[in-house]
J.: 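Before I ask anything, let me first share the structure, which is written out below as structure tokens.
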Amino acid sequence: MEVNTIMSSQIMELQHTVQMSIMQNALNLNTVAATELLKDLPQQQVAIHPYKGSVIDSSL
């Protein structure tokens, strides 16, 4: 094989490795950011039904 061909294939492999590393880092950062956003959300309050459990229907 020619030296140019070998170097070309090695450069392509290096570019692929760098791209995968960048994508993995971006995914990790997005995961951390999403987790922090979910933690910072205010806790939802349970909606209290206006009369459920406090009114008894005795017309039966």
J.: Is any side-chain heavy atom of Leu27 closer than 4.5 Å to one of Met23?
T.: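 When only atoms from C-beta onward are counted, Leu27 and Met23 do not touch, as no gap falls below 4.5 Å.
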J.: Supply the atom-to-atom distance Gln10 CD to Thr17 OG1, rounded to the nearest 0.5 angstrom.
T.: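 Nearest 0.5 Å value for the CD-OG1 distance: 11.5 Å.
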J.: Please determine whether residues Ile22 and Leu14 belong to a single hydrophobic cluster, defined as Ile, Leu, Val, Met, Phe, Trp and Tyr linked transitively by side-chain heavy-atom distances below 4.5 Å.
T.: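 Both belong to a single hydrophobic cluster.
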J.: For the pair Thr35 (side chain) and Thr31 (backbone), establish whether a donor and an acceptor sit closer than 3.5 Å, ignoring hydrogens and angles.
T.: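 At least one qualifying donor-acceptor pair exists.
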J.: Output the distance between atom NE2 (His16) and atom CD (Gln19), rounded to the nearest 0.5 Å.
T.: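 Here the rounded value is 8.0 Å.
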